[in-house]
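Both backbone and side-chain heavy atoms feed into the values below; hydrogens, waters and symmetry mates do not. Residue numbers count from 1 along this sequence. Note that this is a predicted model, so its numbers are computed, not measured.
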Amino acid sequence: MSKIIIANWKMNGSIQKINTDLMYYNQHLTSNIQKCSVVLAIPQLYLSHAASLCKNDMYVLGSQDVSIFENYGAYTGEISAQMLKDVNVRYVIVGHSERRLFLNETQNTLIKKINNILDMGMIPVYCVGENLSTREKKEHMNFVSDQLDILKSINLKGECVIAYEPIWAIGTGIVPHEDEVSEMINFISAYTKEHLNVKMQLLYGGSVNINNAKNILAIDNIGGVLVGGSSLNPEEFINIINAVG
Ligand code: 13P
């Protein structure tokens with residue numbers, strides 16, 4: 001399976017940045033791009049503009065969120081899975097810790113979102129991960145297991161991706177030891193086989209940069225990376241893509 005490299009721009013960027021970054025990618029990408037799927041999860045407002053620029057198959061579009069409501073309706077400010085599909089979005093991030101924390105997203109909300117994404121034939125990227133105190137209490141496996149439990153109530157038709165993003169590694173420059181990443185990835189892999197009976201691609205996210213990407217991508221069973229801050233620097237992002245072995 002080819003590796004998935006996702007740029008999560010979060011609430012950053014502009015039309016101009018999209019123009020210049022895509023131009024930079026086009027000029028600097030090597031044939032390594034063929035070894036992976038590069039997903040640009042830029043702010044939803046700019047997806048349509050990026051879609052008009054991504055005419056080749058080199059990148060696919062990702063959304064950072066989706067509405068709990070289906071299709072169309074009187075839900076002011078919401079953007080549905082159907083609308084994302086309309087602008088060629090293929091991957092949708094769900095359950096990012098920042099949304100769980102700042103927007104109080106609950107497990108029930110996430111079930112609705114994942115169902116909407118799957119119904120439209122798109123691929124959910126379900127984020128899980130513990131905070132520092134949970135890890136220090138050595139409760140991280142149980143915590144992640146509880147977060148994964150919502151997937152049991154979903155008919156996981158089609159592709160689905162899980163991203164392990166320990167909260168203490170997001171935007172901190174601290175990356176877990178490779179053994180810690182490996183332990184959790186193997187735990188999630190065993191969980192999906194036992195409880196969901198589907199094989200999923202498993203990503204790591206949290207302070208991925210040009211210095212650590214190669215080692216992280218070489219960990220057994222890692223299906224790719226979810227990159228925040230480093231994806232805002234086009235040179236760093238291209239180097240992360242080039243780190244795919
Ligand atoms: P950073 O790469 O900035 O740590 O962010 C990770 C992340 O939250 C990606 O979704």
Side-chain angles (χ1 to χ4, degrees), residues 1-66 79 81 83-94 96 117-118 120-127 158-163 165 200-205 208-219 222-245:
M1 245 190 274
S2 63
K3 302 269 198 236
I4 301 172
I5 312 292
I6 304 181
N8 177 8
W9 279 17
K10 308 190 180 184
M11 198 176 72
N12 293 292
S14 61
I15 297 262
Q16 200 196 335
K17 180 166 171 61
I18 290 162
N19 293 346
T20 52
D21 280 23
L22 282 179
M23 204 183 298
Y24 185 94
Y25 299 163
N26 289 337
Q27 285 163 353
H28 293 86
L29 274 173
T30 65
S31 57
N32 230 40
I33 185 110
Q34 280 148 12
K35 294 189 199 156
C36 44
S37 301
V38 176
V39 182
L40 305 179
I42 57 175
Q44 290 177 327
L45 178 66
Y46 299 132
L47 285 168
S48 183
H49 175 66
S52 70
L53 299 177
C54 292
K55 289 287 183 220
N56 49 38
D57 290 338
M58 290 213 280
Y59 336 96
V60 293
L61 291 178
S63 172
Q64 299 172 19
D65 185 34
V66 66
I79 293 179
M83 292 168 177
L84 295 176
K85 177 87 177 172
D86 203 23
V87 292
N88 283 333
V89 164
R90 189 149 350 138
Y91 292 82
V92 184
I93 298 172
V94 195
H96 193 284
I117 296 161
L118 290 170
M120 282 297 131
M122 296 184 293
I123 304 167
V125 179
Y126 180 54
C127 299
E159 246 180 279
C160 186
V161 173
I162 296 174
E165 295 207 306
M200 300 196 184
Q201 207 150 342
L202 309 181
L203 314 188
Y204 168 79
V208 175
N209 60 37
I210 41 175
N211 300 318
N212 57 32
K214 207 174 183 65
N215 287 346
I216 293 171
L217 285 161
I219 294 171
I222 282 273
V225 284
L226 183 46
V227 189
S230 295
S231 70
L232 292 170
N233 176 328
E235 188 182 348
E236 272 203 50
F237 188 56
I238 292 291
N239 280 325
I240 290 170
I241 293 167
N242 288 338
V244 173

Can you tell me how far [atom2] of [Y] sits from [atom1] of [X], rounded to the nearest 0.5 angstrom?
X: I123; Y: I4; atom1: CD1; atom2: CD1; answer: 6.5 Å
X: L47; Y: Q64; atom1: CG; atom2: CD; answer: 8.5 Å
X: N19; Y: Q16; atom1: CG; atom2: CD; answer: 7.5 Å
X: I162; Y: L226; atom1: CD1; atom2: CG; answer: 13.0 Å
X: N212; Y: L217; atom1: CG; atom2: CG; answer: 9.0 Å
X: I5; Y: L40; atom1: CD1; atom2: CG; answer: 11.5 Å

* Start with the C-alpha distance between Y46 and K17, add both sets of side-chain angles, then the distance that settles side-chain contact (heavy atoms from CB on, under 4.5 Å), and finish with yes or no. => CA-CA 10 Å; Y46 299 132; K17 180 166 171 61; over 6 Å; no

Closest heavy-atom contact between [X] and [Y]?
X: I42; Y: A50; value: CD1-CB, 3.4 Å
X: V89; Y: S63; value: CG1-N, 3.9 Å
X: G205; Y: V208; value: CA-CG2, 4.4 Å
X: K10; Y: G228; value: CE-CA, 4.4 Å
X: S2; Y: C36; value: CB-CA, 4.0 Å
X: R90; Y: V60; value: NH2-CG1, 3.3 Å

* Asked: Please walk me through it: do E165 and H96 pass side-chain contact (heavy atoms from CB on, under 4.5 Å)?
  -> CA-CA 8 Å; E165 295 207 306; H96 193 284; 3.0 Å; yes

* **M1 CE: over 12 foreign heavy atoms closer than 6.0 Å** => yes

* Start with the C-alpha distance between L61 and V87, add both sets of side-chain angles, then the distance that settles side-chain contact (heavy atoms from CB on, under 4.5 Å), and finish with yes or no. => CA-CA 9 Å; L61 291 178; V87 292; 5.6 Å; no

* Verify side-chain contact (heavy atoms from CB on, under 4.5 Å) between W9 and D21, making sure each step is shown before the conclusion. => CA-CA 12 Å; W9 279 17; D21 280 23; 3.4 Å; yes

Exam field: side chain [X] to backbone [Y], donor-acceptor pair closer than 3.5 Å:
X: Q44; Y: L84; answer: no
X: N215; Y: A218; answer: no
X: K3; Y: I222; answer: yes

Any side-chain heavy atom of [X] sitting closer than 4.5 Å to one from [Y]?
X: N209; Y: E236; value: yes
X: V161; Y: Y91; value: yes
X: S230; Y: I210; value: no

* To do: Tell me whether the centres of the aromatic rings in F237 and Y24 are closer together than 6.0 Å.
  => no

* Out of I241, L53, V39, L29, which one pairs with Y59 under the side-chain contact (heavy atoms from CB on, under 4.5 Å) rule? -> L29

